[in-house]
Amino acid sequence: MKIATWNINSVRLRMPLVAHFLKTAAPDILCLQETKCRDAEFPMKDFTSLGYNHVEINGQKGYHGVAVASKKPLRLIEKRDFCEKGDARHISVEAEGEGGPITLHNFYVPAGGDEPDVEINPKFAHKLSFLDEMKAWGENGAAKGRVAMVGDLNIAPLEHDVWSHKQLLKVVSHTPVEVEKLSAVFQAGKWIDAMRHFVPADEKLYTWWSYRAADWAASNRGRRLDHILVSEGLGGALKKLDVLTEARGWERPSDHVPVIIELSE
DNA sequence: ATGGTCGGAGCCCGA
């Protein structure tokens with residue numbers, strides 16, 4: 001079973017890229033973040049015409065928004081309102097794996113603004129609160145059984161998840177306080193970092209490159225903001241990882257690229 | 001060299 005996650009930065013604008021991706025990579029399930037449209041505006045027919053007949057969405061006007069599209073049936077579990085702000089940042093579904101049902105959580109964690117200081121930046125405070133709530137959610141059994149958690153977590157936790165550890169220590173996405181809170185989330189659910197299961201921690205690994213670089217590939221100042229975590233119950237099923245870096249070079253690209261995990265069950 | 005670019009909404013905000 002192939003599960004993909006991709007921050008699409010407007011699903012309506014980039015539906016041609018999504019279609020190309022679904023035709024060529026052919027994941028069983030695609031999790032999207034930053035769909036940026038209300039549920040009624042979601043391009044449902046484009047997905048069904050590509051054979052992805054089962055789509056669950058949690059959208060809102062203009063901002064955020066997550067969706068899960070699948071070839072096989074999904075059962076909607078929940079659209080959880082972390083931090084109770086009414087943001088569309090989570091959706092969970094049950095999917096049919098070869099070894100039994102899999103629970104799948106799709107997250108879009110707040111980016112957190114520019115200043116890594118909760119006193120002056122409420123967006124950063126929101127990000128940290130969101131992570132605290134994810135930790136409690138994991139402690140309360142979210143990772144029990146066969147569970148995967150994917151999405152744009154907006155944090156690059158390891159030194160080699162960013163192009164320069166030293167230069168990014170005070171940049172939101174790689175500050176020690178965020179990294180510690182994300183580590184606490186991972187520990188609370190005993191989540192396994194599926195990407196780093198395949199790529200050693202001392203190797204650079206990115207999923208996002210800023211739009212602001214004149215030449216994203218030449219400067220290669222990336223960050224690993226997108227993640228796939230699996231519960232202990234799925235740890236033995238990890239089969240293959242693919243980070244589709246080339247998608248950053250597509251025409252009118254998202255600033256994030258798809259990450260695909262293959263599970264043997 | 002402390003900027004640079006996107007998307008959506010609606011002439012700025014969030015990333």
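By convention in this document, chain letters (A, B, ...) are assigned in the order of the sequence lines, proteins followed by strands, and residues within each chain are numbered from 1.
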Point to revise | Nearest-nucleotide comparison on DNA chain B, the residue closer to the 5′ end among Pro110(A) and Arg14(A) | key: Arg14(A)
Non-neighbouring partners of [X] that pass side chain to side chain contact (heavy atoms under 4.5 Å, CB included), sequence neighbours left out:
{"X": "Asp242(A)", "result": "Leu244(A), Ile260(A)"}
{"X": "Ser219(A)", "result": "Ala213(A), Arg221(A)"}
{"X": "Glu265(A)", "result": "Arg146(A), Ala237(A)"}

Point to revise | Trp250(A)-His20(A) aromatic ring centre distance below 6.0 Å | key: yes
Practice item. Would you check if the distance from the ring center of Trp6(A) to the ring center of Phe21(A) is below 6.0 Å? Key: yes
Whole-Å distance between [N] [atom2] and [X] [atom1]?
{"X": "Arg248(A)", "N": "dT5(B)", "atom1": "CZ", "atom2": "P", "result": "13 Å"}
{"X": "Leu225(A)", "N": "dC6(B)", "atom1": "CG", "atom2": "C1'", "result": "15 Å"}
{"X": "Met15(A)", "N": "dG7(B)", "atom1": "CE", "atom2": "P", "result": "17 Å"}
{"X": "Glu115(A)", "N": "dT2(B)", "atom1": "CD", "atom2": "C1'", "result": "13 Å"}
{"X": "Asp152(A)", "N": "dG7(B)", "atom1": "CG", "atom2": "C1'", "result": "15 Å"}
{"X": "Ile155(A)", "N": "dA15(B)", "atom1": "CD1", "atom2": "C1'", "result": "15 Å"}
{"X": "Lys85(A)", "N": "dG14(B)", "atom1": "NZ", "atom2": "C1'", "result": "13 Å"}
{"X": "Gln33(A)", "N": "dG7(B)", "atom1": "CD", "atom2": "C1'", "result": "16 Å"}

Study note, to complete from the structure: Residue set satisfying side chain to side chain donor-acceptor pair (under 3.5 Å) with His126(A), at least two apart, ordered chain then number -> none
Nearest-angstrom distance, [atom1] atom, [N] to [M]:
{"N": "dC6(B)", "M": "dG10(B)", "atom1": "P", "answer": "22 Å"}
{"N": "dG4(B)", "M": "dG8(B)", "atom1": "P", "answer": "22 Å"}
{"N": "dC11(B)", "M": "dG7(B)", "atom1": "C1'", "answer": "15 Å"}
{"N": "dA15(B)", "M": "dA9(B)", "atom1": "C1'", "answer": "15 Å"}

Revision key, fill the gap. Across all chains, not counting sequence neighbours, the salt bridge (charged side-chain N to carboxylate O under 4.0 Å, His left out) partners of Arg80(A) are Glu78(A)
Check your understanding: With sequence neighbours excluded, what pairs up with Glu56(A) under the salt bridge (charged side-chain N to carboxylate O under 4.0 Å, His left out) test?
Key -> none
Point to revise | Residue among Trp137(A), Phe82(A), Tyr108(A) satisfying ring pair (Phe, Tyr, Trp, His ring centres under 6.0 Å) with Phe130(A) | key: Phe82(A)
Point to revise | Residue-level proximity of residues 158-174 of chain A to DNA chain B when a heavy atom falls under 4.0 Å | key: none
Practice item. Specify the residues of residues 205-222 of chain A, ordered by number, for which at least one heavy atom lies under 4.0 angstrom from an atom of DNA chain B. Key: Tyr211(A), Arg212(A)
**Study point:** salt bridge (Lys or Arg N to Asp or Glu O under 4.0 Å) partners of residues 84-107 of chain A, not counting sequence neighbours, each pair once
**Key:** Arg75(A)-Glu94(A), Asp87(A)-Arg89(A)
Exercise for review: Any salt bridge (Lys or Arg N to Asp or Glu O under 4.0 Å) involving residues 152-179 of chain A? Give me the pairs, sequence neighbours left out, ordered by first then second residue.
Suggested key: Lys127(A)-Glu178(A), Asp161(A)-Arg196(A), Asp161(A)-Arg224(A)
Study note, to complete from the structure: Sequence neighbours excluded, the answer for ring-ring contact (aromatic ring centres under 6.0 Å, His included) partners of Phe124(A) is none
Review point. Which part of the nucleic acid, if any, lies within reach of His126(A) when heavy atoms closer than 4.0 Å are counted: base, sugar-phosphate only, or nothing?
Key: nothing
Check your understanding: For Arg89(A), which contact category applies under a 4.0 Å heavy-atom criterion: base, sugar-phosphate, or nothing?
Key -> sugar-phosphate
Practice item. If a protein heavy atom is under 4.0 Å from the base, mark B; if only from the sugar-phosphate, S; if neither, -; do that for nucleotides 8-13 of chain B going 5' to 3'. Key: SSS---
